Q: 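My questions will all concern the structure given below.
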2 protein chains.
Amino acid sequence: MTTPKFAQIKQFIVDNIRSGAWLENQRVASENELAEQFSVSRMTARRALSELTEAGILTRSQGLGTFVASFKSQSSLLEIKNIADEVKARNGNYSCTVLVLESISAVAPIAIALGVEVDSVVYRSVLVHNENEQPLQVEERFVNPALATSYLQQDFTALTPHEYLSSVAPLTEARHTVEAIMPNSEMCQWLNLYHEEPCLQVIRRTWSSSGIVSFARLVSPGSKYRLGGHLTFKK
Amino acid sequence: MTTPKFAQIKQFIVDNIRSGAWLENQRVASENELAEQFSVSRMTARRALSELTEAGILTRSQGLGTFVASFKSQSSLLEIKNIADEVKARNGNYSCTVLVLESISAVAPIAIALGVEVDSVVYRSVLVHNENEQPLQVEERFVNPALATSYLQQDFTALTPHEYLSSVAPLTEARHTVEAIMPNSEMCQWLNLYHEEPCLQVIRRTWSSSGIVSFARLVSPGSKYRLGGHLTFKK
DNA sequence: ATATTTACCTTGTATATACAAGATGGCTTG
DNA sequence: CAAGCCATCTTGTATATACAAGGTAAATAT
């Protein structure tokens, strides 16, 4: 099985950039030039350039040409993965225990974060995600009851809250912040921490088309959990 | 007609997913069906589907069809931006002070991280990035001297180390980890912290085609700095 | 009845062609 | 000299066509 022509051209371009032969903002061959060099049609050469542009490796300007993108503008990205998948990926034994599953009256900060009236009823759950029976992450979640009416009836040891919520209210947007915090005594108990240690806290708010679905706080001990990211030219 | 046809089809598909009309893993119209519905050629309909697939909103399978991607598989991304740009973006007064700029003998962990011989000479810099004259982040960086010979002669109050290094050794890859740590006493001094508080630590290793360029440790107080991320269907 | 072939759908790759639109430099005209 | 025009490069959009290759299900042969 041969590699497609457009993929060969992409590889040729990426190799030249990776090796340093083509520098930032340098002009690369036009569609017609590439088409002739590789004996392909313009549309095939175009596909290679377009896909590398979409990937952020090249920039194009109508009338001017195609250029090597400047690395400076590339922001580095970190992934937040599903913690159950992460544990399973490293052959850990994943389990989950439900600590709290209740409906409460929303105090002001919670109500604002969920976009509901103060003192209205919202659902709250607290789960502990375990790796090999040791607490790895505490998930405290506040849910807009209008968008997930039967939230309290779910079995979250089988399906995570995030998975359940995406099935009942299609997610359209999510926002995250990550910070370093010191856990309070309640959190220390949940995480089974004997001595205080800094924790990574991820705040995630998710939207669907009908409004804010939920507001989650994910807290993990700094000694056991970290976020990883990877940025490369390879494609 | 101002907006291109392929863009209209993309919008039509995205709208249907955002509104919840099309659910996860549901099959969407084939290229030929879309082409007929919108009175365009198959290649134009194909472009809409291909670009949404590239964006992670659809998945395609040869012989089977095109489907709405499952939200579960979408990993959420966090951006690590240039801290000087971030400060300027919120109208803060950015400044930078150079604490250390030296060549040292690499102990084992540093040598391994940089991919050089133990006890060989490497460059080290420690900078403090300030917002309104208050320390916001400490950057400790170890540099492979073979790839940035005149690193010690640079003025890092004008050009950040990252910017300088990308200009002399084209970056091809970067890896990050983020974790929550407790700063040691030296770091507390640098960050001007009177009481101990948890800090966010980003470790960044950068590669060029000739090898590992540098190894940086970026430490910020948890009370002053957080990472933000955003994920949306809009395109 | 079971196994195989065949027809027909799907997406994937590749080409040739046409025209639109942005950018540039040289030429013509006032 | 300067303003406008034009030829010519670039990328962008759109179409029609051809064949390859994966997947499913019905029709056929064993």
Side-chain angles (χ1 to χ4, degrees), chain A residues 1-17 22-70 73-74 234-235, chain B residues 1-17 22-70 73-74 234-235:
Chain A
M1 202 49 217
T2 57
T3 60
K5 294 181 182 177
F6 76 88
Q8 292 177 32
I9 301 176
K10 282 175 75 173
Q11 194 58 53
F12 166 77
I13 294 170
V14 168
D15 285 346
N16 273 285
I17 298 176
W22 295 356
L23 297 177
E24 278 185 35
N25 303 316
Q26 183 176 323
R27 192 167 180 284
V28 312
S30 73
E31 296 175 356
N32 285 315
E33 289 166 349
L34 276 179
E36 199 178 354
Q37 283 178 38
F38 284 86
S39 303
V40 296
S41 73
R42 185 197 147 204
M43 295 308 287
T44 300
R46 174 176 180 72
R47 178 168 178 184
L49 294 175
S50 297
E51 293 190 2
L52 291 177
T53 301
E54 179 63 26
I57 293 174
L58 301 176
T59 60
R60 317 195 73 185
S61 170
Q62 189 173 150
L64 271 177
T66 306
F67 306 85
V68 178
S70 62
S73 69
Q74 297 203 3
K234 200 153 228 160
K235 183 74 187 185
Chain B
M1 186 198 312
T2 47
T3 60
K5 294 181 182 178
F6 77 88
Q8 292 178 30
I9 301 177
K10 282 175 75 173
Q11 194 59 53
F12 166 77
I13 295 169
V14 168
D15 285 345
N16 273 286
I17 298 176
W22 295 356
L23 297 177
E24 279 185 36
N25 303 315
Q26 183 175 323
R27 191 166 181 283
V28 311
S30 73
E31 296 176 355
N32 285 315
E33 289 166 349
L34 275 179
E36 198 177 355
Q37 281 177 41
F38 284 85
S39 302
V40 297
S41 73
R42 183 197 149 205
M43 294 310 286
T44 301
R46 173 177 180 72
R47 178 166 177 186
L49 292 175
S50 297
E51 292 189 1
L52 290 178
T53 301
E54 178 63 27
I57 292 174
L58 301 175
T59 59
R60 318 194 73 186
S61 170
Q62 191 173 148
L64 272 178
T66 306
F67 306 85
V68 178
S70 62
S73 68
Q74 295 202 5
K234 200 152 229 160
K235 184 76 187 185

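Protein chains get the first letters and strands the later ones, always in sequence-line order, with residue 1 at the start of each. This is a predicted model, so every value here is computed, not measured.
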Q: Got a sec, which pairs hit ring-ring contact (aromatic ring centres under 6.0 Å, His included) with one end in residues 38-67 of chain B, sequence neighbours left out?
A: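 Sorted pair list: B/Phe12-B/Phe38.
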
Q: Rounding to an integer number of Å, can you tell me how far A/Leu34 CG sits from D/dT10 C1'?
A: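 Spelled out: CG on A/Leu34 to C1' on D/dT10 is 13 Å.
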
Q: Tell me, with the steps shown, if A/Ile57 and A/Val68 meet side-chain contact (heavy atoms from CB on, under 4.5 Å).
A: CA-CA 6 Å; A/Ile57 293 174; A/Val68 178; 5.9 Å; no

Q: Find the distance A/Glu36:CD to D/dC9:P and express it as a whole number of Å.
A: 13 Å

Q: Using a distance-only test with no angle check, is there a side-chain donor-acceptor pair under 3.5 angstrom linking B/Thr53 and B/Ser50?
A: no

Q: Side-chain N or O of B/Thr66 less than 4.0 angstrom from OP1 or OP2 on C/dT11?
A: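 Yes, within the criterion.
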
Q: Out of curiosity, B/Leu34 CG to B/Ile13 CD1, how far, rounded to the nearest 0.5 Å?
A: 5.5 Å

Q: If a protein heavy atom is under 4.0 Å from the base, mark B; if only from the sugar-phosphate, S; if neither, -; do that for nucleotides 12-19 of chain C going 5' to 3'.
A: BBBBBBB-

Q: Ignoring hydrogens and angles, state whether a donor on the side chain of B/Glu36 or B/Asn32 is under 3.5 Å from an acceptor on the partner side chain.
A: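 Looking only at side-chain atoms, B/Asn32 and B/Glu36 do not form any donor-acceptor pair under 3.5 Å.
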
Q: Just the rounded figure in Å: distance from P of C/dT10 to CG of B/Asn32.
A: 6 Å

Q: Are B/Arg47 and B/Glu54 ion-paired here, with the side-chain N under 4.0 Å from a carboxylate O?
A: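 Here B/Arg47 does not pair with B/Glu54 in a salt bridge, since their nearest N and O are not under 4.0 Å apart.
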
Q: Taking atom NZ of A/Lys5 and atom OG1 of A/Thr44, what is their separation to the nearest 0.5 Å?
A: 7.0 Å

Q: Would you mind reading off the bend of the helix from C/dA1-D/dT30 to C/dG30-D/dC1 from its two end axes, five pairs each, to 10 degrees?
A: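 The helix from C/dA1-D/dT30 to C/dG30-D/dC1 shows an end-to-end axis angle of 20°.
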
Q: Rounded to the nearest 0.5 Å, how far does CZ of B/Arg27 lie from CG of B/Leu58?
A: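 It comes to 12.0 Å.
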
